[in-house]
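When reading the values below, keep in mind they use all heavy atoms of this one structure, side chains included, and skip hydrogens, waters and symmetry mates. This chain uses plain numbering: 1 for the first residue, then up along the sequence.
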Amino acid sequence: MSSAKPSSATQPAPGIAALAPHTLLWASVGVALVTIVLKTMAWHLTGSVGLLSDALESFVNLAGAIFALAMVTVAQRPADDDHPYGHHKAEYFSSGFEGILIMGASVAIIWAAAHRLTEPQPLEKVGWGLALSVVSSALNGLLAWFMFRSARVYRSVALEGDARHLVTDVWTSAGVVIGIGAAGLTGWLWLDPIVAIAVALNILKEGMHLIWRASQGLMDSAVEPEAQAAIDAALQSFAQTEPLVRFDHLVTRQAGQRRFAGLHMHVPAEWSLGRAAQRRAAVEAALMHAVPGLRVTIELLPLGVEAFLDEPGASA
């Protein structure tokens, strides 16, 4: 695939929600820099370990956005002799990398919070610190909303991963604001590190989810249930119009923005090659219409002839 443009069937209406992954990831880099400044100032003003954890995650956001931008660039490269199926899987590396960064940040937050739990420190200028945190959280939330919309349009794993990371940051900030606010009102200084640890455990879970999803993509997972149902419906509809044709051995896989399907199409042996090829082309068109962007490979076989397939678990 030589560009990141969505197919006409999924082309969104004009507007900011239609921004390409590159544009939104550059915006993510910019927002990360702004939030780093805001949250670092909030931590410096208050001395809150909760706000420190929030600032640390913003550094992770910056690193993740830069890496995602690099992987989206690689994924858009056209197929070549060494990569005949393209470079679409590069986006999974971005999702996995963000997951690793999130897990690393959570460990750092827990370490800092545990130290503060044993040696509580008074909080200062809580109002200003919370205000700066809320502003940065609003920026992340707004950007994540646009990212999720574009991720669905462009089927970008890297974009969705960065959006999920930003949403995690929003929840982190919300938890920190509640914890620090409660600590400031009650004087219970232990609430600050406790909230920080709770936030760290939450983002640790999100990091594990991103790594798991990336691993599934790299292992050629099947297409999502909605796409599978559309493929099955298209084949069933064609079989009803051509009762002499039979389909079997359907397999699907995903590779970043791309989806692939392969199957066997059995036709009467007395059909001419031209007729069989014409009907195969019709099936391919029907499948690509049902699932925009699908790449289809159909092997023609005479009825009564089965292709040799290795049994599951058999050695190569």
Quick check: is [Y] connected to [X] through a chain of hydrophobic side chains (ILVMFWY, heavy atoms under 4.5 Å apart)?
X      : Y      : value
Leu250 : Phe247 : yes
Leu24  : Leu69  : yes
Val37  : Leu143 : yes
Leu142 : Val170 : no

Side-chain heavy atoms of [X] within contact of [Y], under 4.5 Å:
X      : Y      : value
Val296 : Met288 : yes
Ile110 : Leu201 : yes
Pro302 : Val267 : no
Met103 : Ile211 : yes
Arg253 : Val223 : no
Leu263 : Val251 : no
Trp145 : Val167 : no

Interatomic spacing from [atom1] in [X] to [atom2] in [Y] - rounded to 0.5 Å:
X      : Y      : atom1 : atom2 : value
Thr252 : Arg259 : OG1   : CZ    : 10.0 Å
Glu284 : Leu294 : CD    : CG    : 10.0 Å
Thr35  : Asn140 : OG1   : CG    : 5.0 Å
Leu287 : Phe238 : CG    : CZ    : 9.5 Å
Met147 : Leu166 : CE    : CG    : 5.5 Å
Leu301 : Arg246 : CG    : CZ    : 9.0 Å

What is the minimum heavy-atom distance between [X] and [Y], and which atoms define it?
X      : Y      : value
Ser28  : Asp162 : OG-OD2, 2.7 Å
Ser136 : Lys39  : OG-CE, 3.1 Å
Ala227 : Val291 : O-CG2, 3.8 Å
Val72  : Pro21  : CG1-CB, 4.1 Å

> For Val29, what are the other residues in its hydrophobic cluster, where any two members join if their side-chain heavy atoms are less than 4.5 angstrom apart?
Replying inline: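 Direct or chained contacts put Val29 with Leu33, Ile36, Phe59, Leu62, Ile66.
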> When clusters are formed from ILVMFWY side-chain contacts under 4.5 Å, directly or step by step, what else is grouped with Leu244?
Replying inline: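 In the cluster with Leu244 there is nothing else; it is isolated.
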>> Using the side-chain hydrogen bond (donor to acceptor under 3.5 Å, both in side chains) definition, which of the options His249, Arg280, His264 pairs with Glu299?
In response: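 Looking at His249, Arg280, His264, the match for Glu299 under the side-chain hydrogen bond (donor to acceptor under 3.5 Å, both in side chains) is His264.
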> Under the side chain to side chain contact (heavy atoms under 4.5 Å, CB included) criterion, do Met265 and Val245 qualify, and how do the steps go?
Replying inline: CA-CA 7 Å; Met265 177 177 175; Val245 174; 3.9 Å; yes
> With Phe67, which residues qualify under ring pair (Phe, Tyr, Trp, His ring centres under 6.0 Å), at least two apart?
Replying inline: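 Applying ring pair (Phe, Tyr, Trp, His ring centres under 6.0 Å) to Phe67 gives Phe97.
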> Taking everything shown except Trp26 itself, do over 12 heavy atoms lie less than 6.0 Å from its CH2?
Replying inline: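 Not buried by this count: 12 neighbours or fewer within 6.0 Å.
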> Is the closest side-chain donor-acceptor distance between Asp232 and Gln236 under 3.5 Å?
Replying inline: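 There is no such pair (donor and acceptor under 3.5 Å, judged by atom type) between the side chains of Asp232 and Gln236.
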